[in-house]
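Structure first, then comments.
These values consider heavy atoms only, across backbone and side chains, with no hydrogens, waters or symmetry-generated copies. A note on names: the letters A, B, ... follow the listed sequences, proteins ahead of strands, and every chain is numbered from 1.
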There are 2 protein chains.
Amino acid sequence: MTSSSAFGNGVIQQRNLVEQVADYLTKAIISQRYAPGERLSEVQLARDLGVSRAPVREAARLLESRGLLVSQPRRGFFVRALDASELIDVFDLRLCLERHAMARLVDNYDAQKEQALRRQVELMCEVALHDSDSRKIEEDLVFHRMLIDFSGNRRLLKVFDDITHELRLCIALIGKTHAEPDTIATCHWQLLDALASGDPQRCREAIDYHIGVARDYVVQGIGESS
Amino acid sequence: MTSSSAFGNGVIQQRNLVEQVADYLTKAIISQRYAPGERLSEVQLARDLGVSRAPVREAARLLESRGLLVSQPRRGFFVRALDASELIDVFDLRLCLERHAMARLVDNYDAQKEQALRRQVELMCEVALHDSDSRKIEEDLVFHRMLIDFSGNRRLLKVFDDITHELRLCIALIGKTHAEPDTIATCHWQLLDALASGDPQRCREAIDYHIGVARDYVVQGIGESS
DNA sequence: CCTTTTCAAACTGTCGACAGTCGGCAATCG
DNA sequence: CGATTGCCGACTGTCGACAGTTTGAAAAGG
């Protein structure tokens with residue numbers, strides 16, 4: 001019970017406690033060790049992690065702003081439970097962001113950006129053959145983050161980073177493995193080809209198709225799980 | 001100066017302390033009672049408002065997630081100082097959101113929504129003639145919020161609500177009065193006409209023009225102030 | 001046996017306090 | 001006189017504690 005001896009028990013050691021608690025919670029939620037809708041007790045968490053309630057509270061508020069937790073006044077925090085329409089909304093928002101990023105990116109596309117993106121797709125093809133699903137998802141997110149980063153709008157990137165956590169949760173909730181390696185490769189090469197062509201219309205069609213595939217996966221996944 | 005007698009001095013009384021502190025800070029920042037880049041001391045704020053540091057901290061974190069404050073580890077919170085490119089990015093993000101909302105809205109537009117929007121524009125024309133600049137800005141934001149709300153994507157709305165605070169700060173930093181009443185009216189009627197026509201292309205042109213006007217104001221405002 | 005009331009346990013919101021750290025200023029040295 | 005180093009004050013990060021409220025269940029009543 002003593003806090004000093006509980007340090008060995010808790011996963012937390014040093015650095016910013018808030019960040020560490022946030023990391024711990026994020027992973028726990030996405031890996032569904034906490035069920036959707038489950039209530040999280042501040043004191044319980046603080047005890048389990050061997051820290052006081054203050055860092056736990058701050059971390060929870062952070063996750064709330066990222067959409068992984070929801071809070072009810074005087075009731076506490078609950079693991080976000082996404083229903084079908086919310087899942088669709090998230091992917092629709094993602095489409096909104098990436099469409100815009102593609103439109104901006106095609107205007108200031110250069111060899112350096114193309115090479116970086118190309119390299120990332122090659123990496124994705126690599127991990128698609130050998131690595132775990134979560135690794136595939138992470139590399140896919142890295143690619144799309146690069147797309148938005150290269151668009152030049154840092155505010156856009158911030159929004160994307162925010163919904164990234166929500167996206168991971170969505171993907172985890174659907175519980176389906178990612179698409180086939182071939183599909184992944186084809187989809188992403190199409191995006192690069194569209195960018196290289198310099199044609200905005202073609203870019204838009206490419207990203208619409210790309211996110212559309214992802215969204216269809218979501219809708220389909222919902223139909224199966226619920 | 002004493003903390004106990006400062007209760008009368010402080011603006012805070014009851015309800016959720018966090019919300020009240022957040023409101024107070026938001027208004028103070030947007031009205032520029034705190035200069036951009038100014039450092040905010042937690043203890044100082046807590047003393048001034050007659051509360052403890054905990055609610056102040058939480059409120060500050062909330063404002064940070066909304067982009068009104070930035071935090072440096074171990075240094076504290078600073079009032080967000082927006083430079084030119086950041087202002088442009090914010091308005092570009094806004095364009096991204098509203099374009100998407102318009103595209104979604106035109107697909108499920110009905111008489112009820114049209115009437116609500118129409119009424120709001122009429123209200124805006126009204127306040128454009130008689131009321132203060134801040135009131136005009138608020139009603140303008142209400143209109144654009146309705147636009148996004150009616151698009152049906154609640155996640156989109158959440159992002160918009162987040163950047164609303166940042167938008168107010170942008171507008172305040174530019175320090176220009178809003179456009180002429182005639183301009184406001186024309187711009188917004190054009191949006192409604194485009195929606196009524198049911199033509200996606202026309203909708204897009206209308207919103208592009210609309211936000212473009214706002215962005216030009218921003219760029220122009222920067223050129224003058226800096 | 002089912003409904004209602006009451007009570008205790010647990011939890012959140014808030015507070016004051018302590019320790020480690022950072023920034024600025026002065027004293028010392030070259 | 002300029003640069004470096006040590007010190008002092010202030011502040012953030014973190015902690016434990018208390019009060020009011022909510023929850024769940026036990027007890028009382030129909």
request  = Measure from the side chain of B/Ser52, starting at C-beta and using heavy atoms only, and say which of D/dT12, D/dT14, C/dC15 lies closest.
outcome  = C/dC15
B/Phe78 CZ to C/dG23 C1', straight-line distance once rounded to whole Å = 11 Å
ask   = OP1 or OP2 of C/dC11 sitting under 4.0 Å from any side-chain N/O of A/Arg74?
value = no
inquiry  = Could you tell me how far apart A/Glu38 (CD) and C/dC11 (P) are, to the nearest whole angstrom?
reply    = 13 Å
query = How many Å lie between CG on B/Asp48 and P on D/dC11, as a whole number?
reply = 12 Å
Shortest side-chain distance from A/Val43, nucleotide among D/dG13, D/dT14, C/dT12 = C/dT12
inquiry  = Under a 4.0 Å threshold between the charged nitrogen and the carboxylate oxygen, would A/Arg80 count as salt-bridged to A/Glu166?
reply    = yes
request  = Sequence neighbours left out, what passes salt bridge (Lys or Arg N to Asp or Glu O under 4.0 Å) with A/Arg33? Give chain and number order.
outcome  = none
remark   = When rounded to whole Å, the CG to P distance for the pair A/Leu62 and D/dG13 reads 13 Å
ask   = Given C/dT12, C/dG23, D/dT22, which nucleotide is nearest the side-chain atoms of B/Arg75?
value = C/dG23
query = Any ion pair linking A/Glu58 and B/Arg61 (charged N to carboxylate O, less than 4.0 Å)?
reply = yes
Rounded distance (Å) that lies between atom P of D/dG16 and atom CG of A/Leu17 = 12 Å
key: Closest-nucleotide 5' rank along DNA chain D - winner of A/Arg39 and B/Arg61   = B/Arg61
ask   = Roughly how many Å is it from CD in B/Glu42 to C1' in D/dA10, rounded to a whole number?
value = 12 Å
note = When rounded to whole Å, the CD to P distance for the pair A/Gln72 and C/dG13 reads 11 Å
inquiry  = Regarding B/Lys158 and B/Asp161, does a basic nitrogen lie under 4.0 Å from an acidic carboxylate oxygen?
reply    = no
ask   = If you pin B/Arg53 and B/Glu58 to their nearest nucleotides in DNA chain C, which one's is more 5'?
value = B/Glu58
task = Could you check whether B/Leu40 gets within reach of a base, just the sugar-phosphate, or nothing at all, counting any heavy atom under 4.0 Å?
result = sugar-phosphate
Length of the line joining A/Arg57:CZ and C/dC15:C1', which is rounded to integer Å = 12 Å
inquiry  = Counting only side-chain heavy atoms from C-beta out, which of D/dC15, C/dT14, D/dG13 sits nearest to B/Asn16?
reply    = C/dT14
remark   = Quick note, A/Ser41 side chain, CB onward, closest among D/dC15, C/dC11, C/dT14 is C/dC11
key: N-O pairing of B/Asp149 and B/Arg154 below 4.0 Å   = no
